[in-house]
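To start, the structure itself, in structure tokens.
Residue indices begin at 1 and follow the sequence shown. Since the structure is predicted, the reported quantities are computational estimates derived from the model, not experimental observations. Note that these values count all heavy atoms, side chains included, but never hydrogens, waters or copies made by symmetry.
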Amino acid sequence: MARRYDTNDATDRATGLREAASAVRRGELVVLPTDTLYGIGADAFSSEAVADLLEAKGRGRSMPTPVLIGSPNTLHGLVTDFSELAWELVDAFWPGGLTLVAKHQPSLQWDLGDTRGTVAVRMPLHPVAIELLTDVGPMAVSSANITGHPAPEDCDAAQQMLGDSVSVYLDGGPTPGNVPSSIVDVTGDVPVLLRAGAISAEELRKVVPDLEVAN
């Protein structure tokens, strides 16, 4: 039976975060608010938990799961060949609505799907998400919806779709934003905007003027 906690209530928030962290460590799924949409998350280093996440969403391995982190410093252990331009994007837009696709460290023992040696990583601008991520470490997190259905902006919508496939729901009320993050590929010499979202190409070009836009 799924448990749900109101993170706008101080007592419920403390209990919910503790229960969510325990669930993640047990390899279970949790739903958490972010600054863009609600996410369904699991321990990024548990291949079984990530497989359960993809199954709950009805999503194949061809669409690998992004990773959320609680601090930019965590990047040092996750990515390699991270350019100066990529760090400038981190400095300008994290925490916030920017996901960066980078080459992951080849030594990492994880299975996020068919990533072809890359990882999509973001630090969200949401205190509940950051507190959980700081406690448990990197989490595989995707929008908390069944694939093909609208991404949820509140906990009710997420729970109606995902039900008891999730152990703990952290209800932070409606999300402050209703658009997904922008995605920029930083694996090459020139950053490439793969998906326009919360941060526009114009804003990104203030930091990386040579930004390209994928067709």
Minimum heavy-atom distance V166-V31, with the two atoms named: CG1-N, 3.7 Å

Shortest non-hydrogen contact between P124 and L68, atoms and distance: CG-CD1, 4.1 Å

L112 and V67, any side-chain heavy atoms less than 4.5 Å apart: yes

Beyond-backbone contact of F45 with V50, side-chain heavy atoms, under 4.5 angstrom: no

Any donor-acceptor pair under 3.5 Å from D164 side chain to A2 backbone: yes

N-O pairing of R205 and D210 below 4.0 Å: no

Common cluster, V136/V128, ILVMFWY with side-chain heavy-atom separation under 4.5 Å: yes

Co-membership, hydrophobic cluster, residues V190 and V90, 4.5 Å side-chain: no

For the student: nearest non-hydrogen atoms of A92 and V207, plus distance: CB-CG2, 3.6 Å

Spatial distance of atom CG (L132) from atom OG1 (T34) [nearest 0.5 Å]: 12.5 Å

Beyond-backbone contact of V79 with V186, side-chain heavy atoms, under 4.5 angstrom: no

Common cluster, V168/L32, ILVMFWY with side-chain heavy-atom separation under 4.5 Å: yes

Inter-residue atom distance F93.CZ - K206.NZ, 0.5 Å rounding: 8.0 Å

Residues, nucleotides or ligands: over 12 heavy atoms within 6.0 Å of D189 CG: no

Pairwise side-chain contact, L75 with F82, heavy-atom cut-off 4.5 Å (strictly under): yes

Considering all heavy atoms, the nearest V179-G197 contact: CG2-C, 4.4 Å

D135 and R25 ion-paired at < 4.0 Å: yes

Minimum heavy-atom distance P33-A129, with the two atoms named: O-CB, 3.5 Å

Main-chain N/O of G172 paired to Y38 side chain as donor or acceptor, under 3.5 Å: yes

Rounded distance (nearest 0.5 Å) linking atom CG of L29 with atom CE of M139: 8.5 Å

Residue pair T15, Y5: steps toward the side-chain contact (heavy atoms from CB on, under 4.5 Å) verdict: CA-CA 8 Å; T15 303; Y5 300 91; 3.7 Å; yes

N-O pairing of K57 and D52 below 4.0 Å: no

Minimum-distance pair of heavy atoms, taken over all atoms of I146 and M161: CD1-O, 3.4 Å

Residue E48 excluded, over 12 heavy atoms near CD under 6.0 Å: no

D171 (side chain) donor-acceptor with D6 (main chain) under 3.5 angstrom: no

L78 vs P138 side-chain heavy atoms within contact, under 4.5 Å: yes

Derivation and outcome, side-chain contact (heavy atoms from CB on, under 4.5 Å), residues I69 and W94: CA-CA 11 Å; I69 59 177; W94 280 17; 3.7 Å; yes

Value rounded to 0.5 Å, distance of OG in S143 from CZ in R59: 6.5 Å

ILVMFWY cluster, I199 and L211 together (side-chain gap under 4.5 Å): yes

Residues T175, D154; criterion side-chain contact (heavy atoms from CB on, under 4.5 Å); working and verdict: CA-CA 6 Å; T175 57; D154 59 45; over 6 Å; no

Heavy-atom side-chain contact between V184 and L98 under 4.5 Å: yes

Side-chain H-bond candidate by donor/acceptor type, S181 with T36, under 3.5 Å: no

Verify same cluster id: L100, M63 (apolar side-chain graph, 4.5 Å): no

Backbone of G16 reached by a side-chain donor or acceptor of E19 within 3.5 Å: no

Approximate separation, where rounding is to 0.5 Å, of L204 CG and L89 CG: 6.5 Å

Salt bridge D156-R4, side-chain N to carboxylate O under 4.0 Å: yes

Side chain to side chain, L170 and V30, heavy atoms closer than 4.5 Å: no

Point-to-point distance, once rounded to the nearest 0.5 Å, from CG of L194 to CG of N215: 11.0 Å

Validation row: H104, W110 side chains within 4.5 angstrom (heavy atoms): yes

Main-chain N/O of D43 paired to S46 side chain as donor or acceptor, under 3.5 Å: no

Worked check of side-chain contact (heavy atoms from CB on, under 4.5 Å) between D81 and T187: CA-CA 8 Å; D81 298 332; T187 59; over 6 Å; no

Full working for salt bridge (Lys or Arg N to Asp or Glu O under 4.0 Å) between D35 and R122: CA-CA 11 Å; D35 48 332; R122 182 168 89 90; 3.0 Å; yes

More than 12 heavy atoms of other groups within 6.0 Å of E88 CD: yes

